[in-house]
Amino acid sequence: MPDPMHSRPATASDDLPLRTRRLQQWRGALPVLAAVSAGGVLGSLVRSGVSVAFPHRSGEFAWATFAINVSGCLLIGVLMVLLEQVWTGRRLLRPFLGIGVLGGFTTFSTYILDAIRTSAEAPRTGLAYLAGTLLLALSAVWIGATLTHKTIARRRQESS
């Protein structure tokens, strides 16, 4: 007996063979995967360029990674509000910009590696880097979202 809490109404696709349903699912997912991939390439290239342009030595504060992660988080806050309030109904924009570009741009795995390497040689610098990035990145998301929301609300109020 099916569980009424987890059952769903029958659809036309239920009559299709399993192979056909899976093919339809993949066809629906391919544009999203392509958007994430294309955005990830762009974001990663920008991050790599910034890291090459502003290298740091072992034991030094990793300013490039710090700036990348904090600015990326600010942009994530801005983007999420724009997607919810301005650019609604654009199916591929969030995967392309949010997951792809900004996901490829920000680099929290490098942040952790930098913190570990810096802490081994300069524990105070490593701790400052670890805590400072975390606090400023979270604050940046909030600031980006809050300022964007207020700007949109003000512009809508001015135009009405």
Side-chain angles (χ1 to χ4, degrees), residues 8 11 13 16 18-122 125-153 155-156:
R8 59 174 178 71
T11 64
S13 68
L16 297 174
L18 179 60
R19 186 174 181 183
T20 304
R21 286 193 308 239
R22 285 193 176 148
L23 184 59
Q24 287 177 341
Q25 289 173 335
W26 269 106
R27 283 186 182 151
L30 284 177
V32 175
L33 292 172
V36 170
S37 298
V41 166
L42 294 174
S44 297
L45 286 172
V46 172
R47 171 177 35 91
S48 179
V50 171
S51 296
V52 168
F54 302 100
H56 71 281
R57 293 185 192 147
S58 185
E60 291 181 345
F61 196 94
W63 285 106
T65 307
F66 175 79
I68 286 166
N69 287 332
V70 173
S71 64
C73 285
L74 178 78
L75 293 171
I76 287 170
V78 170
L79 178 65
M80 291 304 113
V81 173
L82 289 174
L83 288 171
E84 292 294 321
Q85 296 183 13
V86 179
W87 301 326
T88 59
R90 296 182 182 175
R91 182 173 98 95
L92 298 178
L93 203 53
R94 183 184 306 250
F96 176 71
L97 292 174
I99 299 169
V101 173
L102 293 176
F105 178 65
T106 57
T107 175
F108 283 89
S109 57
T110 302
Y111 153 69
I112 294 300
L113 289 174
D114 286 343
I116 291 168
R117 289 176 183 151
T118 303
S119 295
E121 293 185 32
T125 304
L127 184 60
Y129 175 70
L130 189 68
T133 299
L134 179 63
L135 292 173
L136 285 175
L138 290 173
S139 298
V141 172
W142 181 81
I143 290 167
T146 301
L147 291 177
T148 304
H149 177 72
K150 288 182 179 187
T151 301
I152 291 168
R155 287 191 177 175
R156 286 182 177 163

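Nothing here was measured: the structure is a model prediction, and the numbers come from that model.
At least one donor-acceptor pair under 3.5 Å links the side chain of Ser44 to the backbone N or O of Gly40. Within the 3.5 Å criterion, the main-chain N or O of Leu33 finds a donor-acceptor partner in the side chain of Ser37.
At least one side-chain heavy atom of Gln85 sits less than 4.5 Å from a side-chain heavy atom of Arg156. Residues Thr146 and Val81 are not in side-chain contact: their nearest non-hydrogen atoms beyond the backbone lie 4.5 Å or more apart. Counting only heavy atoms from C-beta outward, the side chains of Glu121 and Arg57 never approach each other to under 4.5 Å. Side-chain contact between Pro31 and Leu92 is present, with heavy atoms from C-beta onward closer than 4.5 Å. In this structure, the side chains of His56 and Ser51 stay at 4.5 Å or more apart for every pair of heavy atoms. Counting heavy atoms from C-beta on, the side chains of Arg91 and Val32 come closer than 4.5 Å. Within the 4.5 Å cutoff, side-chain heavy atoms of Val86 are placed close to those of Ile152.
Going from atom OG1 of Thr148 over to atom CG of Leu74 covers 7.5 Å, rounded to the nearest 0.5 Å. Leu75 CG to Met80 CE: the interatomic distance, rounded to the nearest 0.5 Å, is 10.5 Å. Atoms CD1 and CG, on Ile116 and Leu130 in that order, are 9.0 Å from each other to the nearest 0.5 Å.
Between Ala137 and Cys73 the shortest heavy-atom distance is O-CB, 3.3 Å. Asn69 and Thr107 get closest at one heavy-atom pair: OD1-N, 2.7 Å. Shown here for Ala62 and Asp114, the closest heavy-atom pair between the two residues is CB-OD2, 3.4 Å. Residues Gly126 and Ser119 approach most closely at CA-OG, 3.4 Å, considering heavy atoms. The heavy-atom pair separating Gly98 from Leu102 by the smallest distance is O-CB, 3.6 Å. Val70 and Thr133 get closest at one heavy-atom pair: CG2-O, 4.5 Å.
Among pairs with a residue in residues 78-109, those fulfilling ring-ring contact (aromatic ring centres under 6.0 Å, His included) read Phe108-Tyr111, at least two apart in sequence or across chains.
Between Phe66 and Tyr129, the ring planes lie tilted relative to each other; the angle falls in the 30° to 60° range.
Ionic pairing of Arg117 and Glu60 is not present here: no N-O contact between side-chain nitrogen and carboxylate oxygen is shorter than 4.0 angstrom.
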**OP:** Verify side-chain contact (heavy atoms from CB on, under 4.5 Å) between Leu83 and Leu93, making sure each step is shown before the conclusion.
**Re:** CA-CA 8 Å; Leu83 288 171; Leu93 203 53; 3.7 Å; yes

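Annotation for Arg155: atom CZ does not count as buried by contact number, only 12 or fewer foreign heavy atoms lying within 6.0 Å.
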